[in-house]
Amino acid sequence: MMGIGGEDMKTLLMFMDLPHSKNFGKNVLHTLEEEISDVIQDVAVLQMKKALDREVRLTLGKTHNEWKEIKDDPESLTYAMWKILPDNHPNKNVQIIVCFDMGWQKRGFTSLSGHAFMIGGLSRK
């Protein structure tokens with residue numbers, strides 16, 4: 001069973017027979033985390049925004065293919081109008097259905113390390 005440290009990463013890389021994996025250790029993992037954490041966070045935020053956008057589109061009643069086919073119909077502009085509303089507009093808040101779960105690294109609520117998952121009820125993303 002793998003953990004989350006540099007030595008466990010080294011074991012995994014050696015198992016995969018990747019070059020220089022014997023040199024991989026705790027310090028290397030820490031350095032890599034510092035170098036790529038901003039990029040990983042940016043990608044994660046972008047993907048969450050895309051998923052939210054899709055969920056809102058589905059909630060307002062239009063799938064991606066339907067949207068392409070009926071984009072010229074004035075009654076179908078609900079999503080397009082929502083998209084251009086300013087963030088502080090009262091109609092910008094759309095009630096969506098989601099499934100949500102979370103957990104912590106250790107039992108109870110005293111851990112500072114945890115995770116959360118939110119999945120759109122219609123898009124499953």
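As the structure is a computational prediction, the values presented were derived from the model and not from experiment.
Taking Ile, Leu, Val, Met, Phe, Trp and Tyr as hydrophobic and joining them when side-chain heavy atoms fall under 4.5 Å apart, one finds V45 in a cluster with M48.
Partners of P19 by side chain to side chain contact (heavy atoms under 4.5 Å, CB included), not counting sequence neighbours: none found. Qualifying side chain to side chain contact (heavy atoms under 4.5 Å, CB included) partners for I96, counting only residues two or more places apart in sequence or in other chains: L52, E55, V56, T59, V94, V98. Every side-chain hydrogen bond (donor to acceptor under 3.5 Å, both in side chains) that K83 has, sequence neighbours left out, goes to D53. Remark: F100 engages M102, A116, M118 in a side chain to side chain contact (heavy atoms under 4.5 Å, CB included) (not counting sequence neighbours). Scored by the ring pair (Phe, Tyr, Trp, His ring centres under 6.0 Å) test, F117 finds H115 as partners (sequence neighbours excluded).
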